[in-house]
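Chain A is the first sequence line, chain B the second, and so forth, proteins listed ahead of strands; every chain is numbered from 1.
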Protein chains: 2
Amino acid sequence: MNKAEILIIDDEPQIRKLLQINLESNDYKVIQASSGKEGLILSASHPPDLILLDIGLPDKSGHEILHELREWYNKPIIILSVQDNETDIVSALDHGATDYLTKPFRTGELLARIRSAIGRSQNTENSPIVSCGDIEVDLVARTVKRKNEAIKLTSTEYNLLALFAKNEGKVLTHQYLLKEIWGYSYQTETQYLRVFVGTLRKKIEENPNNPQHIITESGVGYRFQ
Amino acid sequence: MNKAEILIIDDEPQIRKLLQINLESNDYKVIQASSGKEGLILSASHPPDLILLDIGLPDKSGHEILHELREWYNKPIIILSVQDNETDIVSALDHGATDYLTKPFRTGELLARIRSAIGRSQNTENSPIVSCGDIEVDLVARTVKRKNEAIKLTSTEYNLLALFAKNEGKVLTHQYLLKEIWGYSYQTETQYLRVFVGTLRKKIEENPNNPQHIITESGVGYRFQ
DNA sequence: GGACATCTTTACGAAATCTTTATATCGCAA
DNA sequence: TTGCGATATAAAGATTTCGTAAAGATGTCC
């Protein structure tokens, strides 16, 4: 797992230092900008996972920076401010700030709010796909593709294939397969397996009479490759 | 346009009243619970779009309620508390609270944080319009078009379709769909789904007998494509 | 209070899936 | 080659799950 990168945009060196120490000791990678302009450039050249933005910058107002960032940046932006001013807070939040903390802030709270924001922003979009040759199993979407074409499987067929895919290359015994898919009390029903392996082969193998993916290990079980 | 629903869980009637007035005048629908237990029941029987949870409840601690809610509820939960205690804040945020405000809070700020939280949870990613073939779902306006013609859907039909549209290509289980649309305590009412999928198909499919968008995955759920 | 839209529930035929049985095939050793 | 155990295939039941219509219940708006 890569470290999450956090960009600090703040003109006060002491604050930056303080944040840097705290963040780095919590396993974040820290990038710093001392002005709004620099912050915009840095974030554009290498978008961080989260931005800590001081609202009171000398060159441009933090609100402007926030506005410009939000034209393209959609990960969390947490505002830090000496202003405990409701108008400011409301404006910042309504312009896309993820959170707003007033200085002096408690570092524990800041860290928790950072964790919360990053956790939320991690889009679960791209799902883990187990692929094996021309077969792709999407374990989240619960779909199967062969040569990029969707294949329709019944629930049990899918469960079986997913189990194979998760154990690519390993020999899975009859007992084990039956126990996992049908349950503990079905461990002797090897005929079920023969039937379902048969239908699976028809659906995913180029030539079902000469299977390349689901290999029979006679007397033991099956192996997926 | 449907009002967003907010559930208030707080034992102090004055606070509930204050929140109710403020929220309703900002066009939210308000539901109230005076205890944690009641809050859990209400949210399970009809999931609100956001929960305001007082951490200092008499029956169960707010932390417990938060924990129980988060086992299934994944929309925003904003904590309200008289405690300005860092340990409390960190714990709440780390256990899934979306935000944490200390009483007395400023109503303008609370409203802004509510807007922010609901906006974010709507998962409108980049474009507020999800399109899929000839179907277009506008998640902001809550409208649906087919071949550029507006389609009239009831609230529940829309909620279901929007949920499908946000998860294009993924198989959504009966359980999940029921939990999201009707609430945690409806997870076994699969007949609801059959009825509503039926009416949806009549409205959005070219040929409802041969659906191209809402595909049934027998024994598991449905998939939108 | 009544008309209307919407949601919930029930009933039943249709479709999909699973289970079982029967028969065919394969690999291997005597 | 023949016989045996293990495997594969096909197809007929059996069962579960789905889809649809329609009646009843509920809520909402004037």
A/Asn159 atom CG is separated from C/dT17 atom P, nearest whole Å, by 13 Å

From CD of B/Glu157 across to P of C/dC7 the rounded distance in Å is 6 Å

| Close side-chain approach of B/His174 to B/Glu189, heavy-atom, < 4.5 Å | no

Of D/dA6, C/dT19, C/dC7, the nucleotide closest to the side chain of A/Trp182 is C/dT19

Looking only at C/dC7, C/dC18, C/dT20, the nucleotide nearest the A/Val195 side chain is C/dT20

Have a look at A/Thr190 and say if it touches a base, only the backbone sugar-phosphate, or nothing, with a 4.0 Å heavy-atom cut-off. nothing

In whole angstroms, the gap separating C1' of C/dC7 from CD1 of B/Ile181 amounts to 14 Å

Considering only heavy side-chain atoms of A/Tyr222, the closest of D/dT17, C/dC7, D/dA8 is D/dA8

Among the nucleotides D/dA8, C/dT6, C/dT20, whichever has the atom closest to the side chain of A/Glu189 is C/dT20

ask   = Is any side-chain N or O of A/Gln191 under 3.5 Å from a base N or O of D/dT9, one able to act as donor and the other as acceptor?
value = yes

Atom CG of B/Leu200 and atom C1' of D/dC18 are separated, to the nearest Å, by 16 Å

Per nearest nucleotide of DNA chain C, the residue lying toward the 5' end, B/Ser218 or B/Leu153, is B/Leu153

Among D/dC18, D/dT9, D/dT7, the one nearest any side-chain atom of A/Asn209 is D/dT9

Check this one for me: any side-chain N or O of B/His174 less than 4.0 Å away from OP1 or OP2 of D/dC18? yes

Notebook entry, point to check: Do A/Leu111 and B/Val90 touch side chain to side chain, with heavy atoms closer than 4.5 Å?
Noted result: no

Closest heavy-atom pair, B/Glu180 versus B/Lys75, reported as atoms and distance to 0.1 Å, is O-NZ, 4.4 Å

Taking D/dG19, C/dT19, D/dA10 as options, the one with an atom nearest any side-chain atom of B/Arg194 is D/dG19

Check this for me: does any side-chain nitrogen of one of B/Asp99 and A/Arg113 sit under 4.0 Å from a carboxylate oxygen of the other? yes

Item to complete: Under 4.0 Å between any heavy atoms, over every strand shown, what does B/Tyr186 touch: base, sugar-phosphate, or nothing? Just pick one.
Response: nothing

Give a yes/no on whether any side-chain N or O of A/Ser155 is located under 4.0 angstrom from OP1 or OP2 of C/dT17. no

Atom CD of B/Glu205 and atom C1' of D/dC18 are separated, to the nearest Å, by 15 Å

Per nearest nucleotide of DNA chain C, the residue lying toward the 5' end, B/Lys152 or B/Tyr192, is B/Lys152

Quick check on C/dT6: is either OP1 or OP2 less than 4.0 Å from any side-chain nitrogen or oxygen of B/Thr154? no

(message) Students often mix this up, so state it plainly: with edges at 30° and 60°, are the rings of A/Tyr192 and A/Tyr186 parallel, tilted or perpendicular?
(response) tilted

